[in-house]
Amino acid sequence: MTANYNIDSLLDEIVTLPSLPSSVTRITQLVNAPDSSLSDVARAIQADPALAIKTLRLVNSAYYGLSHKVTSVDHAVALLGMKVIKNLAFTATVFDTFHKGTGALLRHSVSCGVAMRILIAGHRELHDMDQDEAFVFGLLHDVGKIILEQFLPKEVESAHLLSRANEIPLFEAERSIIGVDHAELGSRLAQQWGLSKELVGAIAGHHNLAACPNEAARGLAATTAIADYICNMSGIGSALKSTGYIADEMWDAAGFAVSDYPKLLDEFFGSLDSVDELIEMSS
Ligand SMILES: [Fe+2]
Ligand SMILES: [Fe+2]
């Protein structure tokens, strides 16, 4: 089964991208506005009760490692600050989007978020990004797969079969079966959600650095490719192990060397508990 879409025809004819909840858009606007206060942000969260509950669950997870329980949104915002809260709102939104996908993809994406956090922590000088933002980005990098699965399940199945049969990466198989791959589609979603140009470009280029529009996106896309690799090699893949290779240019562009791999892997294994916990609370 093959189709031959380009990204625009796919979005015109088949796919409706999930929209960012208005509460999250509002929170993002507030966080970016210089004169907004912590209580403005808290109010915007409280206006969306489902988001408020999820925010509190995440705040109280071991991932944030707080020593006492936080029971109010006001307290959460005061304690963690606006930027962290914005990332929490995005995390909750991405989790909602994932419920349309398979459990394996959720596990892969959360693991990639955790791996991104580790990678960015080791390279603060390279990226203008904090660890929570890195987590959200890792969580989001394969979001295009969920959307493809939702709207073109048969074609996605054919792409998996082709990837396995020919031992080619899944994104290549998606391109030959559908005409568009999950990276391109995910990048459109990131654009629609108002994420930065760097993040939009890095999603587009996480399997192919040539698709990155600038150097900052290139570094971030390469870092994502390494996070992806760490997860795939640990058996938490969305791709076959045999096709989960990583090119030398990715290591270079991310500012790491292949020899860093064992240490990174060790740190990743040390964080697997938080993966399980985050998955549990995503529902
Ligand atoms: Fe991917
Ligand atoms: Fe991935």
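Read the numbers this way: they start at 1 and go in the same order the structure lists the ligands and their atoms. Heavy atoms only: backbone and side chains are in, while hydrogens, waters and symmetry mates are out.
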Tell me whether His141 has at least one N, O or S atom under 2.8 Å from the Fe ion (ligand 2). yes

With the Fe ion (ligand 1) at the centre, find the angle made by NE2 from His207 and NE2 from His206, to 10°. 90°

Between Asp12 and Ser9, a side-chain donor and acceptor under 3.5 Å: no

The atom name of the N, O or S atom in Asp142 nearest to the Fe ion (ligand 2) is OD2

Among the N, O or S atoms of Asp228, which one sits nearest to the Fe ion (ligand 2)? OD1

Going by ring pair (Phe, Tyr, Trp, His ring centres under 6.0 Å), name the residues that satisfy it together with Phe135, two or more places apart in sequence or in a different chain. Tyr63

To the nearest 0.5 Å, how far apart are CZ in Arg26 and OG1 in Thr28? 10.5 Å

When rounded to the nearest 0.5 Å, the distance separating CZ of Phe137 from CG of Leu195 is 9.0 Å

